[in-house]
**Student:** 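After the structure tokens below, expect a handful of questions from me.
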Number of protein chains: 2
Amino acid sequence: MAKRASHDKAECPVARTVDIIGDEWSLLILRDAFDGLRRFGEFQKNLGLAKNILATRLRHLVAHGILEHAPASDGSAFHEYVLTDKGRDLFHVLVGLRQWGEHHCFQPGEPHSVLVDAQKGQPVRPLEVHAHDGRRLDATDAVVKKVSEQKPRAKR
Amino acid sequence: MAKRASHDKAECPVARTVDIIGDEWSLLILRDAFDGLRRFGEFQKNLGLAKNILATRLRHLVAHGILEHAPASDGSAFHEYVLTDKGRDLFHVLVGLRQWGEHHCFQPGEPHSVLVDAQKGQPVRPLEVHAHDGRRLDATDAVVKKVSEQKPRAKR
DNA sequence: GAAATTGGTTTCAAAATGAAACCACCCAGG
DNA sequence: CCTGGGTGGTTTCATTTTGAAACCAATTTC
């Protein structure tokens, strides 16, 4: 009776995404993956989570094509977990989480890690949402149009 | 012994953010809040989650200053939950989740809701990460600089 | 060839979740 | 003013998930 809710068939893309990566450990695993971590032991050590939990999360991310479980690049017989293209496309999400945290989760002057442009070492710009015509949008300028409200497509 | 992990003192802003909003229901509540939902019953009906869970999540979001529990705007004696400025700053995160889902969680031709510019009705542009100097960056162009690697600040 | 490291799985207790029952307050109608 | 229904929860209890630790097989190192 207490089955865990699933949103994998929702019409809302946010719900489907959240259904896949919307938990604490998955997001932190992805953060570490973007940071270059690859090996089971690296994730486990860096995150400090139980190995069974890590194993299930990695399996899940691999099953959804976000990570790939490939032979280790160091020539050993072990394997490693690397971001796929699909996984790399989560970059914006992680940047968004990071920038919000930088802005709202630290005291003034409290040090935190920073995301910088690898070439110049300068911090990246805050994310912005832009309209199709280039105007900058904030939350009140954008609305969700449900499927039922969308214009029926031209034929074909 | 099975205490839930906490990252509220991490030096990584992603970890702190995820610690606060990194769960399925909180993210979906926020999605609905951006969509204009305000009342307890609206959230409960739209999300279909148990009332006790909703109550704890809302309390948590209010405690962290993301939602505000204010008297209802319709003049009744009830209250409603509205995004604070801090909460509205999560817009980019939700947009990121949405765009990834649009791109990766639907079959070609499968309908989904769309985030559009309220003025013109056009879909919003995909998010982009830009360097300080305006160059567009992808995941491989950006690196996290840990606190320990940062230049000690000039005096003062 | 032995010992340590890696990458897990298994086991079990503790914590979180979910469904349903319950309850207090507000509000509308008569 | 009384009553019935809607709103916004809290409580209770069963089920599920998590987390810690023990265990284990394969690999690598010594």
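Here the structure is a predicted model, which means the values were calculated and not measured.
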**Student:** Have Ser113(A) and Arg98(A) got a donor and an acceptor in their side chains that come within less than 3.5 Å?
**Tutor:**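 Their side chains do contain a donor-acceptor pair, which is all the 3.5 Å distance test asks for.
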**Student:** Could you check whether Asp141(B) pairs with Arg136(B) (Lys NZ or Arg NE/NH1/NH2 to Asp/Glu carboxylate O, under 4.0 Å)?
**Tutor:**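 The answer is no: the pair does not qualify as a salt bridge.
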**Student:** Side-chain N or O of Tyr81(A) less than 4.0 angstrom from OP1 or OP2 on dT6(C)?
**Tutor:**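 Checking Tyr81(A) against dT6(C): no side-chain N or O falls below 4.0 Å of OP1 or OP2.
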**Student:** Remember a base hit wins even if backbone is also touched, and classify Phe43(B) as base, sugar-phosphate or nothing at under 4.0 Å, heavy atoms.
**Tutor:**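 The answer is nothing, as Phe43(B) stays clear of every strand by at least 4.0 Å.
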**Student:** Is the NZ or CZ atom of Arg16(A) both under 6.0 Å from the centre of the six-membered ring of Phe106(B) and within 45° of that ring's axis?
**Tutor:**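 Geometry flag: set, cation within 6.0 Å and 45°.
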**Student:** Any side-chain N or O of His69(B) under 4.0 Å from OP1/OP2 of dG9(D)?
**Tutor:**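 It does, given that an N or O in the side chain of His69(B) lies less than 4.0 Å from OP1 or OP2 of dG9(D).
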**Student:** If you find the nucleotide of DNA chain C closest to Glu80(A) and the one closest to Asn52(A), which residue's nucleotide is nearer the 5' end?
**Tutor:**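 Per heavy-atom nearest nucleotide, the more 5' residue is Glu80(A).
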**Student:** Does OP1 or OP2 of dT17(D) have a side-chain N or O of His60(A) closer than 4.0 Å?
**Tutor:**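 His60(A) to dT17(D) OP1/OP2: no side-chain N or O under 4.0 Å.
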**Student:** Can you list, by residue number, the residues of residues 22-40 of chain B that have a non-hydrogen atom closer than 4.0 angstrom to DNA chain D?
**Tutor:**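 Hits under 4.0 Å, by residue number: Arg39(B), Phe40(B).
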**Student:** Considering every strand and a 4.0 Å limit on heavy-atom distances, what is the contact class for Ser76(B): base, sugar-phosphate, or nothing?
**Tutor:**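 Sugar-phosphate, backbone atoms only, no base.
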**Student:** Measure CG/Leu54(B) against C1'/dA19(C) and give the value in whole Å, please.
**Tutor:**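 Going from CG in Leu54(B) over to C1' in dA19(C) covers 14 Å.
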**Student:** Between Arg88(A) and Asp138(B), does any side-chain N to carboxylate O distance fall below 4.0 Å?
**Tutor:**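 Salt bridge flag = no for Asp138(B) with Arg88(A).
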**Student:** Does Arg39(A) come within less than 4.0 Å of Asp74(A), counting only side-chain N to carboxylate O?
**Tutor:**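 Salt bridge: yes.
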**Student:** Where each residue is assigned the nucleotide of DNA chain D containing its nearest heavy atom, which of Phe78(A) and Lys51(A) is assigned the position nearer the 5′ end?
**Tutor:**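 The 5'-side residue here is Lys51(A).
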**Student:** On DNA chain D, nearest-nucleotide positions of Arg57(A) versus Ala77(A): which is more 5'?
**Tutor:**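 Its nearest nucleotide lies further toward 5', so the answer is Arg57(A).
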**Student:** Report the distance from atom CD of Glu42(B) to atom P of dG6(D), rounded to the nearest whole Å.
**Tutor:**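 Atom-to-atom, Glu42(B) to dG6(D), this comes out as 16 Å.
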